[in-house]
Amino acid sequence: MKIICIGRNYAKHIEELANERPVSPVVFLKPDSAILAKKMPFFIPAFSNDIHYEVEVLVKINKVGKHIDQKFAHKYYDEIGLGIDFTARDVQAQCKEKGLPWEKAKAFDGSAVIGNFYPKSDFNLESIQFQLLQNQMVVQDGNTNAMLWKIDELIAYVSQFFTLKKGDVIFTGTPAGVGKVSENDVLQGILEGKEAFTVKIK
């Protein structure tokens with residue numbers, strides 16, 4: 001499987017990091033080694049002093065597709081989930097400064113939390129409410145109605161470049177409110193009132 005991530009898909013998140021608003025989706029990949037094993041804590045890596053959480057709605061691909069027309073994109077997924085794209089913000093800043101790729105900051109081991117998946121029929125895909133709690137306090141509160149590019153648009157777009165395969169996961173972007181994690185934090189992801197994951201920080 002592969003993990004396809006979308007950056008800068010919520011306007012307020014773009015503003016909080018003072019990034020330029022893109023004219024098309026920003027796409028990057030994480031390897032399968034980035035997946036944090038279920039019920040395992042996230043260990044802050046030695047190479048960063050500024051690891052940030054970024055909660056994101058996830059889409060799991062259910063069949064092979066290439067050059068998918070947007071009007072058929074809904075046929076390529078039937079489950080929605082929630083996860084975290086952990087980001088070494090200090091490393092990312094260094095990479096951006098030098099015009100280098102982000103993989104060291106975004107694709108390191110354990111940087112992808114993939115929570116529970118639920119049938120997409122449980123949701124109004126145009127308006128999925130989700131939150132991230134840090135030590136029981138809401139730090140990110142998002143809704144897919146604020147996405148610059150909706151789920152079907154993203155599937156159509158990324159399938160121009162990558163063949164989508166069964167089991168691939170798309171991280172659809174994070175809303176505003178990203179922030180630093182610290183040792184002993186507990187992060188909880190809530191998807192339409194359901195707890196999708198809990199992660200302890202070590």
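Summarising the geometry, atom CG belonging to Asp78 is positioned 9.5 Å from atom CD1 belonging to Ile61; distances are rounded to the nearest 0.5 Å. Summarising the geometry, atom NZ belonging to Lys120 is positioned 10.5 Å from atom CD belonging to Glu79; distances are rounded to the nearest 0.5 Å. We find the CD-CD1 distance between Glu195 and Ile190 to be 5.0 Å, quoted to the nearest 0.5 Å.
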Mind running side chain to side chain contact (heavy atoms under 4.5 Å, CB included) on Leu58 and Lys60 for me, showing each step along the way?
CA-CA 7 Å; Leu58 311 183; Lys60 187 190 289 186; over 6 Å; no
Please assess Val59 against Tyr76 for the test side chain to side chain contact (heavy atoms under 4.5 Å, CB included), listing each intermediate value before the final yes or no.
CA-CA 10 Å; Val59 178; Tyr76 288 82; over 6 Å; no
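By the 30° and 60° cut-offs, the orientation of the rings of Phe108 relative to Phe47 is perpendicular.
For Tyr77 and Asp152, the side-chain atoms include at least one donor-acceptor pair closer than 3.5 Å.
Of all heavy-atom pairs spanning Ser159 and Ile68, the tightest one is OG-N, 2.9 Å. Pairing each heavy atom of Val158 with each of Leu164, the nearest pair is CG2-CD2, 4.1 Å. The shortest non-hydrogen separation linking Asn145 to Ser127 is ND2-OG, 3.8 Å.
Side-chain N or O atoms of Asn9 include one that pairs as donor or acceptor with a backbone N or O of Trp149 at under 3.5 Å. Without hydrogens or angle criteria, Lys30 side chain to Asp85 main chain gives no donor-acceptor distance under 3.5 Å. Looking only at distances, a side-chain donor or acceptor of Tyr53 sits under 3.5 Å from a matching main-chain atom of Gly177. A donor-acceptor contact shorter than 3.5 Å links the side chain of Thr144 to the backbone of Leu125. In this structure a side-chain-to-backbone donor-acceptor pair under 3.5 Å is missing from Lys96 to Trp102. Between the side chain of Gln140 and the backbone N or O of Gln131, no donor-acceptor pair lies under 3.5 Å. Without hydrogens or angle criteria, Ser111 side chain to Phe86 main chain gives no donor-acceptor distance under 3.5 Å. Counting only distance, with no hydrogens or angles, the side chain of Ser48 and the backbone of Asp50 share a donor-acceptor pair below 3.5 Å.
Atom NZ of Lys200 is surrounded by 12 or fewer heavy atoms from other residues, nucleotides or ligands within 6.0 Å. Crowding of Asp122 atom CG: a count of heavy atoms from other residues, nucleotides or ligands under 6.0 Å exceeding 12.
For Lys150, the side-chain contact (heavy atoms from CB on, under 4.5 Å) criterion is met by Glu126, Met147, Glu153, not counting sequence neighbours.
Linking ILVMFWY side-chain heavy atoms closer than 4.5 Å, directly or via other members, places Phe123 and Phe197 in a single hydrophobic cluster.
Salt bridge status for Lys2 with Asp168: present, with a side-chain N to carboxylate O gap under 4.0 Å.
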Per-pair distances, 0.1 Å, donor-acceptor, side chain in residues 32-41, under 3.5 Å, sequence neighbours excluded:
unit_1	atom_1	unit_2	atom_2	d
Lys38	NZ	Ile114	O	2.8
Lys38	NZ	Gly115	O	3.4

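Annotation: cation-pi geometry not satisfied between Lys63 and Phe72 (NZ/CZ under 6.0 angstrom from ring centroid, within 45° of ring axis).
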